[in-house]
Structures are given as C-alpha cells and as structure tokens.
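Let me begin by presenting the structure, written as structure tokens, before commenting on it.
Quick caveat: nothing in here was measured; it's all calculated off a predicted structure. Order of appearance sets the numbers: ligands from 1, and atoms from 1 within every ligand.
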Amino acid sequence: MDKILVTGGLGFIGSHTVVELQNEGYEVVIIDDLSNSSEKVLDGITAITGKAPIFEKLDLKEKGKVEAFFAKHSDVKGVIHFAASKAVGESVKEPLMYYENNIGTLIYILKELKKLPSVSFIFSSSCTVYGQADELPITESAPVKIAESPYGNTKQIGEEIIKDTCKISPNIKAIALRYFNPIGAHESVEIGELPIGVPQNLVPFITQTAIGLREQLSVFGEDYPTSDGTCVRDYIHVVDLAKAHVVALGRLLKNNNKANYETFNLGTGTGSSVLEVLKSFEKVSGQKLNYKIVDRREGDVVAAYADTNKANDELGWKSQLTLDDAMSSAWKWEQKVRALE
Ligand code: UD1
C-alpha cells in the first residue's frame, strides 16, 4: 500500500487523520517537531489502529534535514501537510515566525516534491481565507478577502504558492482543504485536542471551564446580527474532517481530480451560534457552564458556514457526526486528560 507522509501528524487534526489512513491500509510516516504536540500521541494512534506509524522528529525549518528525509523516503506517494503554527493572536505579535514556520517550510517541501516522479499533496487551509463572506453558505468560488492576520495570510499565500507550483510541475497534484471549525475527539478517547496554555478556541475553553481549570467562559459579544446575537460558525467533528483527507488523497492517487490544483470546503453546512454550542455541551454533559457575555473579540467574523455541495458531489464525502456527538467526545476527552494528570 502507498506510503504517505503526514507532517504535523501528532497534532489534533493530524493524529486523527493518521488513524483514518492506517484504517484504510496506508503506510504512514509522521514527521513532527513536537513544538505543539507530544510523542505520547503515538501510543493513542497505536491503541486505536493496532499499528505504530513510523515517526521521525524533524523540524521542517531545517532544510538539509528535509532534503535528507525525502532522499530516504523517495517512494512517498502522498503528503498531507498539517505542520504549521495556528494561533491568530500570536501571529500578529510574531509575524516573521509565522511566515517562516508556515511559508518557508512549505517551500522546502514543495522543492523536494518537484524531484519526485509523481506525488499527491494535501494542504491544510482554512475558511479564514473567505473573511466575512458576502453570501452564506460559503462556496469555494467566494472571493478570498484581505487576511485579518499573518496566520490567515499564510493560508492564502500557501494556497497561491501551491497553485503556481502545480502549474509548472505536472508531477504534483494538490488539493487545499478549507476547514471550518474542527472540534471533538476520537470516540475511543485515545486521541484528542491538547491545547498548550489557555485555549483560544471555544470548545477546549468550554471543556476546561467545566472541569474546573478555568473559572468562567467569556462569550465574545451578543449583539451580532444573528438569531441569538452570538457569532455563528460551522463546527465539524474532527473524525469527519480526518476522513475527508483520506478521500481527497484517494481522489488524487486514483487520478480522479479535475485539475492539478483544487480547493474544497470541509464543513457540515450548518451554522451554530456560540450559545447553541454551550447548550449542546450542557445537554450532553449534564453540567451547567459558568459563562458571562463580554465585548466582541477583535477580528471575529459574524457568521461563517460552508456550502458543502462541491465536497459532497466531487469527493463523495459528507460529514456524518453531529454537534452533540462532537461535544460529547470533547467532554469525554477532557475528563480523561485531567484524570491522567
Ligand atoms: C479561529 C481563528 C481562525 C482559525 C481557527 C483555527 C480567530 C479570529 N479566528 O476561528 O482564523 O482558522 O480559529 O482553529 O481567532 N468564542 C467565545 N469565547 C471564547 C472563545 C471563542 O465566545 O473563549 C467564540 C468566538 O467569538 C467565535 C466562536 O466562539 O464566535 C469560535 O471561536 P474559535 O473557536 O476561536 O474559532 P474562530 O474564531 O472561528
């Protein structure tokens, strides 16, 4: 079975994708610099799939090591590239670090892929490229808006770099997957999200508040033009998202792609408000959550949810799990992580 490189394969989305790849029989090689992940994640992946993936600790900023890696693994047929920094606020404070981590390393990888006879490349992009879209739900043809942060800019620039490279390198076929809001954990509770420090994202903040690690959740704004005044997002279960990567990779490996570079939205197609997410959490956990409404957070868009028709029709992929499923798994995971501490 084909050998697939997963960069950032010990991270949140990466680890769930490695599980799905191994379940489909792919031979997986993970590289990860462990800057925002733990080697223990390998045990979780092995417990679920019964197979330990190959792992190399490698910092993609070390160009010579990237070259040496591809020289050794020249039989790689596909690369799923998750490794990147992803904290919006941090990117505003440390733009050069973000451009180096997210763009510099992408260039090193693509230079190596140009040398291979044929390779399929999947890129982690984000719905952040759409900014506040003029129309909802958001289709892939919606215009890319000026990025709100260096982080968002790295996703836009990354897409452009891949598109330009595919134009002149017929041996590289690529898909950029534009994720909406990934949440939840694997049903086995062997792997999940492991935020370092105070979580910036809603769902880990909710579960950490419920477990007593944070005193109170701040809900950022209740005066938005939405049904209950709080922002609306498309929360997608990480296991559904992981499966979409395997399907997208299969499309390229089987030459079913329509162009050498394609983009797909990955969402559920349904928008949920912050208060709806809270309600779902309270329902599945049986806990009351301590929260207060505070001012809007700078840079937040009012509403974003995916038009999923392109992914449904062309990938044959649809999300299966519900918001309640995702919140329930996130809560089980939080309890397990804290019990181990
Ligand atoms: C954020 C990033 C986005 C990035 C994504 C990656 C911003 C502005 N956007 O998306 O670029 O691709 O993470 O995961 O940071 N909320 C609260 N209280 C909290 C945390 C969040 O009310 O403590 C609200 C937010 O206002 C938002 C929703 O929950 O309406 C979701 O927030 P979050 O999980 O941070 O995701 P995004 O902002 O959509």
Side-chain angles (χ1 to χ4, degrees), residues 8 11-14 16 36 82 84-93 98 102 123-133 136 138 144-159 176-184 193-210 213-238 241 265-268 271-281 289-306 323 326-327 330:
F12 175 43
I13 309 172
H16 288 83
N36 193 19
F82 293 104
S85 299
K86 60 167 188 180
V88 176
E90 183 184 47
S91 79
V92 176
K93 293 191 192 104
Y98 270 68
N102 294 6
F123 179 62
S124 297
S125 190
S126 166
C127 68
T128 194
V129 302
Y130 300 118
Q132 180 56 68
L136 294 170
I138 304 172
V144 166
K145 294 273 176 78
I146 290 171
E148 287 272 355
S149 68
Y151 160 76
N153 214 13
T154 66
K155 294 300 172 190
Q156 298 190 3
I157 297 169
E159 287 195 6
L177 297 174
R178 293 172 172 167
Y179 312 150
F180 281 67
N181 290 55
I183 60 165
E193 195 168 4
L194 288 168
I196 291 177
V198 181
Q200 306 300 309
N201 295 114
L202 178 63
V203 172
F205 207 105
I206 289 176
T207 56
Q208 288 197 6
T209 305
L213 218 59
R214 314 276 155 219
E215 208 180 310
Q216 191 173 48
L217 171 80
S218 296
V219 172
F220 298 134
E222 61 164 354
D223 56 353
Y224 285 100
T226 60
S227 60
D228 61 22
T230 63
C231 291
V232 167
R233 297 287 183 276
D234 186 339
Y235 296 92
I236 174 164
H237 198 300
V238 66
L241 192 77
N265 285 342
L266 295 183
T268 65
S272 305
S273 73
V274 176
L275 294 180
E276 282 168 345
V277 175
L278 289 191
K279 263 181 233 139
S280 166
F281 175 78
L289 198 79
N290 182 20
Y291 73 90
K292 69 163 186 259
I293 310 283
V294 301
D295 287 348
R296 292 179 174 195
R297 178 172 73 177
E298 204 184 328
D300 272 341
V301 300
V302 180
Y305 51 94
L323 178 63
M327 295 310 290

| request: Quick one: closest heavy-atom pair of Thr154 and Tyr98, and the distance? | output: CG2-O, 3.7 Å
| remark: Counting from 1 in the order shown, the ligand 1 atoms closer than 4.0 Å to a non-hydrogen atom of Cys231 are 30 (O)
| remark: Quick note on ligand 1: atoms under 4.0 Å from a heavy atom of Leu217 include exactly 23 (O)
| said: Applying side chain to side chain contact (heavy atoms under 4.5 Å, CB included), can you list everything that pairs with Ile293, at least two apart in sequence or on another chain? | reply: Val219, Glu222, Tyr291
| request: Return a yes/no value for Phe220: is any of its N or O atoms, backbone included, closer than 3.5 angstrom to an N or O of ligand 1? | output: yes
| query | Closest heavy-atom contact between Val301 and Gln132? | reply | CB-OE1, 3.3 Å
| Taking all atoms of both residues into account, what is the closest heavy-atom pair of Met327 and Ser280, and its distance? | CG-OG, 3.2 Å
| Part of Tyr179 with heavy atoms under 4.0 Å of ligand 1, whether side chain, backbone, both or neither | neither
| field | Numbering as shown, the atoms of ligand 1 that approach Gln200 to under 4.0 Å (heavy-atom distance) | value | 20 (C), 35 (O)
| field | Flag, side chain of Asp228 to backbone of Ser273, donor-acceptor distance under 3.5 Å | value | no
| Is there any N or O on Leu202 that sits under 3.5 Å from an N or O of ligand 1? | yes
| field | Closest protein heavy atom to atom 5 (C) of ligand 1, given as residue, atom name and distance to 0.1 Å | value | Asn201 ND2, 4.2 Å
| Proximal atoms of ligand 1 relative to Val219 (non-hydrogen, under 4.0 Å) | 22 (O)
| Can you tell which part of Val277 has a heavy atom less than 4.0 Å from ligand 1: side chain, backbone, both or neither? | neither
| Between the side chain of Asn36 and the main-chain N/O of Gly11, is any donor-acceptor distance below 3.5 Å? | no
| Against heavy atoms of Thr128, which atoms of ligand 1 measure under 4.0 Å? | 11 (O)
| request: Among all protein heavy atoms, pick the one closest to atom 27 (C) of ligand 1 and tell me residue, atom and distance. | output: Arg233 NH2, 3.9 Å
| remark: Looking only at protein heavy atoms, what sits closest to atom 25 (C) of ligand 1 is Asp300 OD2, 3.5 Å
| query | Going by distance alone, is a donor N or O of one side chain under 3.5 Å from an acceptor N or O of the other, for Glu90 and Tyr151? | reply | no
| query | Any idea which part of Arg296 is under 4.0 Å from ligand 1, heavy-atom wise: side chain, backbone, both or neither? | reply | neither
| request: Please say whether Lys86 places an N or O atom under 3.5 Å from an N or O atom belonging to ligand 1. | output: no
| query | Counting only heavy atoms, which portion of Val88 has something under 4.0 Å from ligand 1: side chain, backbone, both, or neither? | reply | side chain
| Can you tell me if Tyr179 and Ser124 form a side-chain donor-acceptor pair at under 3.5 Å? | yes
| Do Phe180 and Thr268 come within less than 4.5 Å of each other through their side chains, counting heavy atoms only? | no
| request: From the options Val274, Ile206, Val294, Val198, select the one whose nearest heavy atom is closest to atom 24 (C) of ligand 1. | output: Val274
| field | Donor-acceptor under 3.5 Å (Arg296 side chain, Asp223 main chain) | value | yes
| Where does Asn181 meet ligand 1, judged by heavy-atom distances below 4.0 Å: at the side chain, the backbone, both, or neither? | side chain
| request: Name the closest protein heavy atom to atom 12 (O) of ligand 1, giving the residue it belongs to and the distance to 0.1 Å. | output: Ser126 OG, 3.2 Å
| request: Of all the heavy-atom pairs spanning Tyr224 and Cys231, show the shortest one and how long it is. | output: CE1-SG, 3.3 Å
| query | Hey, mind stepping through Phe220 and Val294 against side-chain contact (heavy atoms from CB on, under 4.5 Å) and telling me if it holds? | reply | CA-CA 5 Å; Phe220 298 134; Val294 301; 3.5 Å; yes
| query | Is Arg297 close to ligand 1, meaning an N/O of one under 3.5 Å from an N/O of the other? | reply | yes
| query | When you measure from atom 4 (C) of ligand 1 to every protein heavy atom, which one gives the shortest distance, and what is it? | reply | Tyr151 CE2, 3.8 Å
| Are Lys155 and Arg178 close enough that some pair of their side-chain heavy atoms sits under 4.5 Å apart? | no
| Quick one: does Tyr235 get a heavy atom under 4.0 Å from ligand 1? | yes
| Within reach of ligand 1, part of Ser218 (heavy-atom separation under 4.0 Å) | backbone
